[in-house]
Amino acid sequence: VQLQASGGGLVQAGGSLRLSCAVSGSVVSVNAMAWYRQAPGKQRELIADITRTQITRYADSVKGRFTISRDNAKNTMDLQMISLEPEDTGVYYCVANIWVSFSDEHSEDYWGQGTQVTVSS
């Protein structure tokens, strides 16, 4: 099982980007999914998450500007980001809680490799 994040890049302040995360491999179910951000010199922080039933939560710093969504049929997740600010610069990671096999006793968290977002002022 792997997670692949994509969509990062360089954008000017006020611009938009859309990040995507795809789960590959055979799984039983993908439970909660989330996006984390690690800004330069800072700890990784949770910025948005979404349950399998589409319940979403956002960090105060991105509320109203970022929208998280998922497609359960495709095991994908997106993060639409608008009104980007230089403070949004960082490496964005996707994570998913996945039940891989019926023989597994519990699900586990899987992380993507991260995608760089740079917002210039």
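A quick note: this is a predicted structure, and the numbers were derived from the prediction, not measured.
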> Minimum heavy-atom separation for Thr89 to Arg37, with atom names?
Replying inline: O-CD, 4.5 Å
> Counting only N and O atoms by type, is there a donor-acceptor contact under 3.5 Å from the side chain of Gln113 to the main-chain atoms of Ala5?
Replying inline: yes
> Taking atom types as modelled and ignoring hydrogens, do the side chains of Ser6 and Gln4 form a donor-acceptor contact shorter than 3.5 angstrom?
Replying inline: no
>> Under 4.5 Å between side-chain heavy atoms, counting indirect links through other Ile/Leu/Val/Met/Phe/Trp/Tyr residues: same cluster for Tyr93 and Val1 or not?
In response: no
> Shortest non-hydrogen contact from Gln116 to Gly90?
Replying inline: NE2-O, 3.4 Å
>> Quick check for you: to the nearest 0.5 Å, what is the distance between Leu3 atom CG and Cys94 atom SG?
In response: 4.5 Å
>> Please tell me whether Val95 and Val27 are part of a single hydrophobic cluster in this structure, the criterion being side-chain heavy atoms less than 4.5 Å apart.
In response: no
> Of the non-hydrogen atoms in Thr115 and Gly7, which two are nearest, and what is the gap between them?
Replying inline: OG1-N, 4.2 Å
>> Using ring centroids (six-membered ring only for Trp), state whether Tyr36 and Trp111 fall under 6.0 Å.
In response: yes
>> To the closest 0.5 Å, what do you measure between CD1 (Ile98) and CG (Asp109)?
In response: 8.5 Å
> Quick check: does any side chain N or O of Asn72 sit under 3.5 Å from a backbone N or O of Arg52, one acting as donor and the other as acceptor?
Replying inline: yes
> Given side chains that start at C-beta, do those of Ile47 and Leu79 come closer than 4.5 Å, heavy atoms only?
Replying inline: yes
>> Would the distance check show the side chain of Tyr58 and the main-chain N or O of Ile68 forming a donor-acceptor pair, the cut-off being under 3.5 Å?
In response: yes
> Checking Trp99 side chain against Asp104 main chain: does a donor-acceptor pair fall under 3.5 Å?
Replying inline: yes
> What closest approach, in Å, do Val117 and Gly8 show between heavy atoms, and which atom pair accounts for it?
Replying inline: CG2-CA, 4.1 Å
> Do you know which two heavy atoms are closest between Leu19 and Met81, and how far apart they sit?
Replying inline: CG-CE, 3.7 Å
>> Would you compute the distance between atom OG1 of Thr118 and atom CD of Gln12 and round it to the nearest 0.5 angstrom?
In response: 13.0 Å
>> As a test of understanding, state which of Ile50, Asn75, Asp49 forms a side-chain contact (heavy atoms from CB on, under 4.5 Å) with Met33.
In response: Ile50
> Pick from Asp78, Val30, Thr76: which one makes a side-chain contact (heavy atoms from CB on, under 4.5 Å) with Arg70?
Replying inline: Val30
> Going by heavy atoms in the side chains, are Val23 and Tyr110 under 4.5 Å from each other?
Replying inline: no
>> Please find the pair of heavy atoms, one from Ser121 and one from Pro86, that lie closest to each other, and give the distance.
In response: CB-CG, 3.8 Å
